[in-house]
A.B. asks: 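What follows is a single structure, and I will ask about it in a moment.
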Amino acid sequence: MASKEAYSPLPPWQRTDYCGTLRANDAGRDVALLGWVQTRRDHGGLIFIDLRDREGIVQLVLNPEISAGAHEAGSQVRSEYYIAARGKVVLRSEGTVNAELPTGQVEVVVNALEIVNTSAPPPFPIDGDTATAEEIRLKYRYLDLRRPEMQRNLRARHQAIKAIRDYLDDNGFVEIETPILWKSTPEGARDYLVPSRVNPGKFYALPQSPQLLKQLLMVAGFDRYYQIARCFRDEDLRANRQPEFSQIDLEMTCPRPDDVMSIAEGMVAAAFRRVLGVEINPPFIRMPYAEAMERFGIDKPDMRFGLELKNLTSAFEGTSFKVFADVLARGQSIYGINLPGQHQLSRRELDEITETLRSRYAMGLAWVKVTDSGWQGPIAKYLGDGERERAAGVASLKPGDTLMMVAGDAAAVRPVLGEIRLQLGARFNLDSTGERKFLWVVDFPLFEYSEEDKRLVSVNHPFTAPNPDDLAVLDKNPLDARALAYDMVLNGQELGGGSIRIHSRELQLKVLELLGFSREEATDRFGFLVDALTYGAPPHGGCAFGVDRLCMMLCGTDSLRDVLAFPKTGKAVDPMSGAPSEVDPRQLKELAIKVTA
RNA sequence: GGGGUCGUAGUUCAGCUCGGUUAGAACGCCGGCCUGUCACGUCGGAAGUCGUGGGUUCAAAUCCCAUCGGCCCCGCCA
């Protein structure tokens with residue numbers, strides 16, 4: 001230890017105030033402060049120290065005429081030393097007020113200063129700038145978290161969760177914890193596995209969500225449950241995806257979909273109100289999944305801008321343009337986006353989009369520019385007057401506009417145009433308007449067909465209730481059945497979603513059967529749920545919201561790592577601790593595990 | 001698994017096309033001076049495995065190959 005003082009586990013005094021809270025009306029008070037040295041400005045005679053704690057910064061003044069000892073101690077301090085200071089709060093004299101600092105009206109004239117702990121020079125500055133490489137920030141995360149920005153983010157997260165807990169408590173929800181060591185279930189993401197020492201060769205799985213457990217809590221009669229639940233998924237990471245994340249998980253007995261959505265709206269509104277002081281004015285619009293796909297080509301539309309998809313199929317009826325004619329002959333579709341005249345793409349940008357579509361989706365982009373003298377572009381000459389007129393009508397084309405079209409199977413074309421739409425939105429900064437556009441996407445299909453597995457898979461999860469109006473089609477054409485499911489979307493990001501669940505044992509078995517589980521398999525994997533449904537299980541439903549993504553929105557950041565204290569890198573590594581790491585062979589032996597990697 | 005991009009002083013970067021003195025700058029750090037600074041000023045100084053390994057060459061931060069890692073994206077994530 002570099003300090004000359006004998007090591008003491010206690011500071012020389014307790015603080016009376018946080019540095020960042022001192023204001024003009026504190027002038028005259030004697031205060032005791034504890035904090036980190038942000039900067040020291042040593043004038044030889046006078047020394048100024050900016051002292052930082054979690055509430056902010058205040059300027060200390062060390063004058064040898066006030067205290068020679070404090071001045072001498074002050075000359076020893078360096079960045080990030082943890083020091084204790086006593087002194088008097090004084091109003092700054094005319095001309096020395098710092099309008100940039102909330103505490104800039106005052107300063108603390110120090111009469112005693114002690115170095116509580118020294119600091120090696122920090123590997124990166126602890127002030128506002130975030131220019132440092134993320135890997136280094138993560139390696140020294142405890143220093144990165146000292147930065148005001150990260151302090152702000154994590155406290156915003158606390159505020160959001162507190163607001164949500166208060167709101168749910170006010171609405172009769174009971175917080176109940178569920179196991180972290182649980183059962184591996186098929187379907188869904190890859191599980192994180194935990195070996196069981198006392199049951200060699202057997203494994204727990206960390207929960208991907210408490211879905212089944214909360215349903216059992218409804219069977220148990222808690223009526224309204226919630227939990228801030230840690231969830232684990234062993235999949236590749238993204239800017240907004242970490243292997244462990246938190247959900248606000250809630251479930252209620254006998255709700256209509258509107259009841260769950262209303263609770264969720266109130267919950268999110270409470271978080272925005274508490275953290276940002278803004279009203280987001282629910283209820284949000286409800287948009288059927290089919291409409292979202294038709295208009296936006298995606299199930300989580302960003303509604304801050306237009307550029308909606310237009311179905312041009314009938315407009316090109318009888319076209320002599322061979323590409324379109326072939327598509328129409330196969331009963332497929334042509335969709336387009338009208339890029340209005342105020343947004344101009346260069347020929348090169350159009351070529352780049354075309355090339356991306358070709359290489360990634362094996363699709364072509366047909367585009368035309370509308371001018372006063374007619375249509376221009378590589379394919380314009382193949383298009384006749386009638387179809388031009390009809391397309392112009394459908395897409396509301398005006399001179400200056402660009403019409404970008406993709407032809408093929410509607411189910412494939414619409415997502416591709418949806419992707420182009422988002423690119424255009426980003427290209428012309430339509431997605432950085434500062435607006436907040438909430439909506440619910442409802443009436444999701446219950447199933448979709450998985451080409452990979454050659455069977456039906458659940459769009460949501462296997463416990464989602466079918467829309468009662470569609471029970472009849474379950475047998476005939478299950479792909480047409482809608483689910484009682486709903487997703488909340490904000491600016492093109494899914495914040496959360498949920499559904500009414502199946503509470504009938506027979507219906508649950510039937511759905512599992514449609515998903516390819518025999519009765520035997522279903523019993524083996526989900527027997528406890530199916531059994532539970534036989535004992536007076538009430539109707540129930542709920543939803544789950546991504547805490548981390550919600551906090552990203554509240555903090556205005558694009559990276560989930562900015563709202564987590566100790567996140568992992570893209571390779572799921574923690575550069576600070578070195579996790580994951582190899583373990584002692586004896587540990588493996590105890591667990592009956594042989595490593596082959 | 002695939003694509004893009006980056007890796008040079010503690011930090012942020014320049015240098016790399018077109019190989020050639022001792023690899024530079026800023027901030028930070030260390031030392032001196034300085035009583036109203038708050039991006040303090042000023043004088044001086046230290047600081048490099050050019051991610052790693054291999055290859056080409058008289059000579060490699062620079063060219064080639066491989067590999068590791070960060071970030072972003074696709075696949076994947078009910």
Side-chain angles (χ1 to χ4, degrees), chain A residues 38-51 57-66 71 75 78-80 90 92-101 103-104 107 109 119-140 143-144 185-191 208-209 211-212 231-243 245 356 359-361 419 422-423 426 444-448 450 452-453 455-464 483 485 487 494 497-499 511-512 515 544 546 558-559 561 568-571 573 575:
Chain A
Q38 169 89 32
T39 54
R40 179 185 58 121
R41 292 178 293 280
D42 187 342
H43 289 225
L46 280 183
I47 298 173
F48 299 95
I49 290 173
D50 288 345
L51 191 65
I57 283 171
V58 72
Q59 174 166 281
L60 309 182
V61 185
L62 303 175
N63 187 331
E65 291 158 19
I66 304 285
H71 182 266
S75 69
R78 297 293 183 270
S79 290
E80 300 309 314
V90 302
R92 294 202 193 186
S93 63
E94 189 107 7
T96 65
V97 167
N98 185 345
E100 305 292 311
L101 281 181
T103 61
E107 60 196 4
V109 177
S119 172
F124 50 82
I126 313 295
D127 53 25
D129 302 335
T130 327
T132 309
E134 190 139 13
E135 193 177 9
I136 293 164
R137 290 174 55 201
L138 291 181
K139 180 170 180 186
Y140 301 96
L143 295 179
D144 190 40
T185 51
E187 300 258 308
R190 207 173 282 114
D191 283 322
Q208 297 177 24
S209 86
Q211 176 62 35
L212 293 173
C231 304
F232 305 86
R233 295 178 187 175
D234 187 5
E235 297 291 346
D236 287 353
L237 288 76
R238 281 285 195 292
N240 59 1
R241 254 167 40 195
Q242 285 270 310
F245 59 99
T356 305
S359 59
R360 192 181 297 174
Y361 304 107
E419 179 60 34
L422 291 178
Q423 280 178 26
F444 279 83
L446 190 61
F447 302 114
E448 62 193 349
S450 164
E452 190 186 341
D453 298 336
R455 65 174 178 93
L456 294 182
V457 294
S458 295
V459 168
N460 189 219
H461 55 60
F463 320 106
T464 303
D487 277 1
E494 180 194 329
S499 63
V511 166
L512 287 171
L515 291 170
D558 292 327
S559 172
R561 294 182 297 274
K568 294 178 178 63
T569 67
K571 273 240 181 330
V573 163

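Just so we're clear, the structure is a prediction, and the values are computed from it rather than from any experiment. Chain identifiers are assigned alphabetically (A, B, ...) following the order of the sequence lines, protein sequences preceding nucleic acid strands; residue numbering begins at 1 within each chain.
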A.B. asks: What integer distance in Å separates A:R78:CZ from B:rG31:P?
C.D. replies: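 Spelled out: CZ on A:R78 to P on B:rG31 is 5 Å.
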A.B. asks: Of the candidate nucleotides B:rG70, B:rG36, B:rU11, which contains the atom at the shortest distance from the side chain of A:T132?
C.D. replies: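 Nearest to the side chain of A:T132 among the choices is B:rU11.
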A.B. asks: With a centroid cutoff of 5.5 Å and a plane-angle limit of 30°, would you call A:H43 stacked on B:rU37?
C.D. replies: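 It does not: the ring fails the test against the base of B:rU37.
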A.B. asks: Give the rounded distance in Å between these two atoms: NE2 of A:H461 and C1' of B:rC77.
C.D. replies: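 About 15 Å, once rounded to whole Å.
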A.B. asks: In whole Å, I'd like the distance from the CD atom of A:E235 to the C1' atom of B:rG75.
C.D. replies: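 After rounding, the reported distance stands at 10 Å.
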A.B. asks: Looking only at atom types and distance, does a side-chain atom of A:H461 sit under 3.5 Å from a main-chain N or O of A:F463, one as donor and one as acceptor?
C.D. replies: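 Yes, the answer is positive, given that a donor and an acceptor are paired below the 3.5 Å cut-off.
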A.B. asks: If you only use heavy atoms from C-beta on, which nucleotide in B:rC77, B:rC74, B:rC72 is closest to the side chain of A:A239?
C.D. replies: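 The answer is B:rC72.
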A.B. asks: Could you work out which one of B:rG10, B:rU37, B:rG70 sits closest to the side chain of A:P123?
C.D. replies: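 Among B:rG10, B:rU37, B:rG70, the one nearest the side chain of A:P123 is B:rG10.
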A.B. asks: For B:rG36, give its Watson-Crick or G-U wobble partner with both distances under 3.5 Å, or none.
C.D. replies: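 Partner of B:rG36: none found under 3.5 Å.
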A.B. asks: Once you apply the 3.5 Å cut-off to both distances, tell me the Watson-Crick or G-U wobble partner of B:rG53, or none.
C.D. replies: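 The answer is B:rC65, by the H-bond criterion.
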A.B. asks: Which one, B:rU37, B:rU35, B:rG75, comes nearest to the side chain of A:R238?
C.D. replies: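 Of B:rU37, B:rU35, B:rG75, B:rG75 is nearest to the side chain of A:R238.
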A.B. asks: For the pair A:R241 and A:E235, find out whether any cationic side-chain nitrogen is under 4.0 Å from an anionic carboxylate oxygen.
C.D. replies: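 Judged by the 4.0 Å cut-off on N to carboxylate O distance, A:R241 and A:E235 do not form a salt bridge.
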A.B. asks: Do the side chain of A:D42 and the main chain of A:G44 share a donor and acceptor less than 3.5 angstrom apart?
C.D. replies: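 Such a contact is found between A:D42 side chain and A:G44 backbone.
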A.B. asks: Whole angstroms only, please: what is the NE2-P distance between A:H71 and B:rG36?
C.D. replies: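 Spelled out: NE2 on A:H71 to P on B:rG36 is 12 Å.
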A.B. asks: Quick one: label A:V459 by what it contacts on the DNA or RNA (base, sugar-phosphate, nothing), any heavy atom closer than 4.0 Å.
C.D. replies: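 Answer is sugar-phosphate: A:V459 comes under 4.0 Å of backbone atoms only.
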A.B. asks: Can you find a donor-acceptor pair, distance only, under 3.5 Å between A:N98 side chain and B:rC38 base?
C.D. replies: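 By the distance-only test, yes, there is a pair.
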A.B. asks: Grab the CG-P distance between A:D191 and B:rC76 for me, whole Å please.
C.D. replies: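 Answer to the nearest Å: 18 Å.
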A.B. asks: Suppose we call a contact any N or O donor and acceptor under 3.5 Å apart; does that hold for the side chain of A:E107 and the base of B:rG36?
C.D. replies: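 Side chain to base: pair found, below 3.5 Å.
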A.B. asks: If you measure from CD on A:Q211 to OG1 on A:T464, what distance do you get to the nearest 0.5 Å?
C.D. replies: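 Rounded to the nearest 0.5 Å, the CD-OG1 separation comes out at 7.0 Å.
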A.B. asks: From the options B:rU35, B:rG1, B:rU12, select the nucleotide whose nearest atom is closest to the side chain of A:A133.
C.D. replies: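 Side chain of A:A133 sits closest to B:rU12.
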A.B. asks: Counting side-chain heavy atoms from CB outward, which of B:rC29, B:rU12, B:rG36 is closest to A:Q59?
C.D. replies: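 Shortest atom-to-atom distance from the side chain points to B:rG36.
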A.B. asks: Relative to the 5' end of RNA chain B, which residue comes earlier, A:R241 or A:D558, by the nucleotide with the nearest heavy atom?
C.D. replies: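 Going by which nucleotide is closer to the 5' end, it is A:D558.
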A.B. asks: Just name whichever nucleotide pairs with B:rU17, Watson-Crick or G-U, keeping both distances under 3.5 Å, else none.
C.D. replies: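 Pairing partner: none.
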A.B. asks: Do A:F124 and the base of B:rU11 stack face to face, with centres under 5.5 Å apart and an angle between planes under 30°?
C.D. replies: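 Not stacked: fails the 5.5 Å / 30° test.
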A.B. asks: Could you give the CD1-to-P distance, from A:I126 to B:rG10, as a whole number of Å?
C.D. replies: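 Taking atom P of B:rG10 as the reference, CD1 of A:I126 is at 17 Å.
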A.B. asks: Counting any heavy atom closer than 4.0 Å, what does A:P575 reach on the DNA or RNA strands: base, sugar-phosphate only, or nothing?
C.D. replies: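 Nothing, no nucleic acid heavy atom in range.
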A.B. asks: Which nucleotide in the list B:rC34, B:rG75, B:rG69 gets nearest to the side chain of A:E135?
C.D. replies: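 Looking only at heavy atoms from C-beta outward on A:E135, the closest nucleotide is B:rG69.
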A.B. asks: Taking for each residue the nucleotide of RNA chain B bearing the nearest heavy atom, is the 5' side occupied by A:R233 or by A:N240?
C.D. replies: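 The residue closer to the strand's 5' end, by nearest nucleotide, is A:N240.
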A.B. asks: Please report the distance, rounded to the nearest Å, between CD in A:Q423 and P in B:rG4.
C.D. replies: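 Whole-Å distance recorded here is 17 Å.
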A.B. asks: Taking the side chain of A:R41 as its heavy atoms from C-beta onward, which of B:rC29, B:rU11, B:rC38 lies nearest to it?
C.D. replies: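 So the nucleotide nearest the side chain must be B:rC38.
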A.B. asks: Nearest 0.5 Å, please: how far is CZ in A:R455 from CZ in A:F447?
C.D. replies: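 Atom-to-atom, A:F447:CZ and A:R455:CZ are 10.5 Å apart.
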A.B. asks: When both hydrogen-bonding distances must be under 3.5 Å and the geometry is Watson-Crick or G-U wobble, what is B:rG44 paired with, if anything?
C.D. replies: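 Pair assignment: B:rG44 / B:rC30.
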A.B. asks: From B:rU12, B:rC34, B:rC71, pick the nucleotide closest to the side chain of A:A131?
C.D. replies: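 Nearest to the side chain of A:A131 among the choices is B:rU12.
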A.B. asks: I'd like to know if A:R360 reaches the base of B:rG75 with its side chain such that a donor and an acceptor end up less than 3.5 angstrom apart.
C.D. replies: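 Between B:rG75 and A:R360, which were checked side chain against base, a qualifying N/O pair under 3.5 Å is absent.
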A.B. asks: When you measure from the side chain of A:R41 to the backbone of A:F48, do you find a donor-acceptor pair of N or O atoms at a distance under 3.5 Å?
C.D. replies: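 Not confirmed, A:R41 side chain does not pair with A:F48 backbone.
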A.B. asks: CG of A:D558: more than 12 outside heavy atoms within 6.0 angstrom?
C.D. replies: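 For A:D558, atom CG is not crowded (no more than 12 foreign heavy atoms under 6.0 Å).
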A.B. asks: Please work out if A:R40 contacts a base, only the sugar-phosphate, or nothing of the nucleic acid, heavy-atom cut-off 4.0 Å.
C.D. replies: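 The residue A:R40 makes no contact with any strand.
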A.B. asks: Could you identify the nucleotide paired to B:rA9, looking across every strand shown and requiring Watson-Crick or G-U wobble geometry with both distances under 3.5 Å?
C.D. replies: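 Answer to the pairing question: none, since B:rA9 forms no Watson-Crick or G-U pair.
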A.B. asks: Does B:rA23 have a Watson-Crick or wobble mate here (both distances under 3.5 Å), and if so which one?
C.D. replies: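 Check on B:rA23: unpaired, no WC or wobble geometry under 3.5 Å.
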A.B. asks: Flag yes if more than 12 heavy atoms outside A:Y140 fall under 6.0 Å of its OH atom; otherwise flag no.
C.D. replies: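 Open: at most 12 neighbouring heavy atoms sit under 6.0 Å from OH of A:Y140.
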A.B. asks: Go through B:rC71, B:rG36, B:rC76 for me and flag the one nearest to the A:T569 side chain.
C.D. replies: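 From the listed options, B:rC71 comes nearest.
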A.B. asks: Between A:L101 (CG) and B:rU37 (P), how many Å, whole number?
C.D. replies: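 Atom-to-atom, A:L101 to B:rU37, this comes out as 15 Å.
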